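Beneath this line is the structure, given in structure tokens, with notes to follow.
For the numbers below, each heavy atom of this structure counts, side chains included, while hydrogens, waters and symmetry mates do not. The shown structure was predicted, so the numbers you read here are calculated from the model rather than taken from an experiment. In this chain, residues are counted from 1 in sequence order.
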Amino acid sequence: MRTVLIFDADDTLWENNVIFERVIDEFTGWLAGPGLDRGGVRAVLDEIEAANALTLGYGSKVFLHSLGECVERVRGRAATAAERARITGWAAAFAGERVELIAGVAETLAELARRHELLLLTKGDREEQERKVAASGLTGHFRAVHIVPEKNVATYEELTRAYGLVPETAWMIGNSPKSDILPARSAGLNAVFIPHVHTWVLEHEELDPADAKVLRLTAFGELVNHF
């Protein structure tokens, strides 16, 4: 039976959340004050982002919207024109036409594509994700690219049906326990967990250390030793 490898994109194939973290560092430093330190501001922002992810989705536009909400909640008033302009200025951090591939990705995908069928599964704003996928130069390795608003059990079940996957020979590969590993396992797929130091805090979940169907690696290039 064929082996199908399904890859996450952000923070698995290329750097992503580190850009958000840089903005958050500037933002919390700007907004912190005598009544609320950086950690307090971050806690408020995390709460706002968690709520907005459920209703608005993901991506830089939603993130900037969340920054505006955070200003209003911390300040206890509507954001001023100057404050809104400062938040808008951070949009430039996400507007580049290049992505930074994670070490080992290009050569590893090229090798794996010669042996197996590869799919790409990423969540977020469609336009933003399409831009990053195109900029990566990796699309030729994948049979198909799927951009979805959320990754949950239903997402993986639908992918399994659409491609006639045999769960025992299909693997979801990613850095997020919440979006890549746990829902894929619940759908019956195997998984490969490759942690990233800058994985978004809202994507953190505990994995079962006894789950033999989850392969844990420390670097993307190690995939060629297993597939």
Exercise. How many angstroms lie between atom CE of Met172 and atom CG of Leu121, to the nearest 0.5 angstrom?
Worked result: 5.0 Å
Exercise. Under 3.5 Å, is there a donor-acceptor pair between the side chain of Thr160 and the main chain of Leu165?
Worked result: no
Problem set entry | Spacing of Leu5 atom CG and Trp171 atom CH2 [to the nearest 0.5 Å] | 9.0 Å
Exercise. For residues Asp11 and Thr199, is any side-chain donor paired with an opposing acceptor at under 3.5 Å?
Worked result: no
Exercise. Which atom names give the shortest non-hydrogen contact between Ala187 and Tyr156, and what distance separates them?
Worked result: CB-CB, 3.6 Å
For this session: With the side chain counted from C-beta on, respond yes when Lys61 and Glu127 share a heavy-atom pair under 4.5 Å apart, and no when they do not.
Result: yes
Seminar exercise, completed: Asp37 meets the side chain to side chain donor-acceptor pair (under 3.5 Å) criterion, sequence neighbours left out, with none
Exercise. Between Glu168 and Asn190, what is the shortest heavy-atom contact and its length?
Worked result: O-ND2, 2.9 Å
Problem set entry | ILVMFWY cluster, Val214 and Phe227 together (side-chain gap under 4.5 Å) | no
For this session: Please examine the side chains of Thr88 and Leu64, heavy atoms only from C-beta on, and report whether any two atoms are closer than 4.5 Å.
Result: no
Exercise. Do Phe63 and Trp200 belong to the same hydrophobic cluster, where Ile, Leu, Val, Met, Phe, Trp and Tyr are linked whenever their side-chain heavy atoms lie under 4.5 Å apart, directly or via other members?
Worked result: no
Exercise. So, for Gly188 and Pro167, which heavy atoms are closest and what is the spacing to 0.1 Å?
Worked result: O-CB, 3.2 Å
Exercise. Can you get from Leu189 to Val4 by hopping between Ile, Leu, Val, Met, Phe, Trp and Tyr side chains that sit under 4.5 Å apart?
Worked result: yes
Exercise. Counting N and O atoms only, with roles assigned by atom type, does the side chain of Arg115 sit under 3.5 Å from a partner on the main chain of Val224, one being a donor and the other an acceptor?
Worked result: yes
For this session: Indicate yes or no: at least one non-hydrogen side-chain atom of Leu13 is less than 4.5 angstrom from one of Thr122.
Result: no
For this session: Consider only side-chain heavy atoms of I, L, V, M, F, W and Y, link residues closer than 4.5 Å, and tell whether Val105 and Val192 are in one cluster.
Result: yes
Exercise. What is the distance from atom CG of Leu223 to atom CG of Leu112, rounded to the nearest 0.5 Å?
Worked result: 6.0 Å
For this session: Check for a donor-acceptor pair, side chain of Glu222 on one end and backbone N or O of Thr218 on the other, with a separation under 3.5 Å.
Result: yes
Exercise. Between CD1 of Ile6 and CG of Leu159, what distance do you get to the nearest 0.5 Å?
Worked result: 5.0 Å
Exercise. Closest approach of Gly164 and Arg2, non-hydrogen atoms and distance?
Worked result: O-NH2, 3.6 Å
For this session: Flag the pair Val133 / Phe142 as yes when at least one side-chain heavy-atom distance between them is below 4.5 Å, and no otherwise.
Result: no
Problem set entry | Side chains of Gln129 and Asp10 in contact at under 4.5 Å (non-hydrogen atoms) | yes
Exercise. Parallel, tilted or perpendicular for Phe20 and Phe94, by the 30°/60° rule?
Worked result: tilted
Problem set entry | Flag side-chain contact, heavy atom, 4.5 Å: His204 against Lys178 | no
Problem set entry | Main-chain N/O of Asp25 paired with Thr28 side-chain donor or acceptor, under 3.5 Å | yes
Exercise. So does Arg42 pair up with Glu49, basic N to acidic O under 4.0 Å?
Worked result: no
Exercise. Side chains of Glu15 and Ile102: does their closest heavy-atom pair fall under 4.5 Å?
Worked result: yes
Exercise. Within the distance-only criterion (no hydrogens, no angle test), does the side chain of Thr169 pair as donor or acceptor with the backbone N or O of Val166 below 3.5 angstrom?
Worked result: yes
Exercise. Between Glu203 and Ser179, which heavy-atom pair has the shortest distance, and what is it?
Worked result: OE1-OG, 2.6 Å
Exercise. Do Phe193 and Leu215 sit in the same hydrophobic cluster, where Ile, Leu, Val, Met, Phe, Trp and Tyr count as joined when their side-chain heavy atoms come under 4.5 Å apart?
Worked result: no
Exercise. Are any non-hydrogen side-chain atoms of Val41 and Trp30 less than 4.5 angstrom apart?
Worked result: no
Seminar exercise, completed: d(Arg22 CZ, Ile24 CD1) to nearest 0.5 Å is 12.5 Å
Exercise. In terms of the angle between their ring planes, are Phe220 and Phe7 parallel, tilted or perpendicular, with boundaries placed at 30° and 60°?
Worked result: tilted
Exercise. Any idea which heavy atoms bring Leu120 and Ala9 closest together, and the distance?
Worked result: CD1-CB, 4.0 Å
Problem set entry | Reported CD1-to-CH2 distance for the pair Ile19 and Trp90, which is rounded to 0.5 angstrom | 15.5 Å
For this session: Keeping to residues at least two apart or across chains, list the side-chain hydrogen bond (donor to acceptor under 3.5 Å, both in side chains) pairs with something in residues 139-154.
Result: Asp8-Lys151, Tyr58-Glu150, Glu117-Arg143, Lys123-Glu150, His146-Tyr163, Lys151-Asp180, Asn152-Thr155
Let me check something: any side-chain donor-acceptor pairs from residues 67-79 under 3.5 Å, sequence neighbours excluded? List them with distances.
unit_1, atom_1, unit_2, atom_2, d
Glu69, OE2, Asn52, ND2, 3.3
Glu69, OE2, His65, NE2, 3.0
Glu72, OE2, Ala79, N, 3.3
Arg73, NH1, Glu47, OE2, 3.4
Arg75, NE, Glu83, OE2, 3.4
Arg77, NH1, Glu83, OE1, 2.9
Arg77, NH2, Glu83, OE2, 2.8

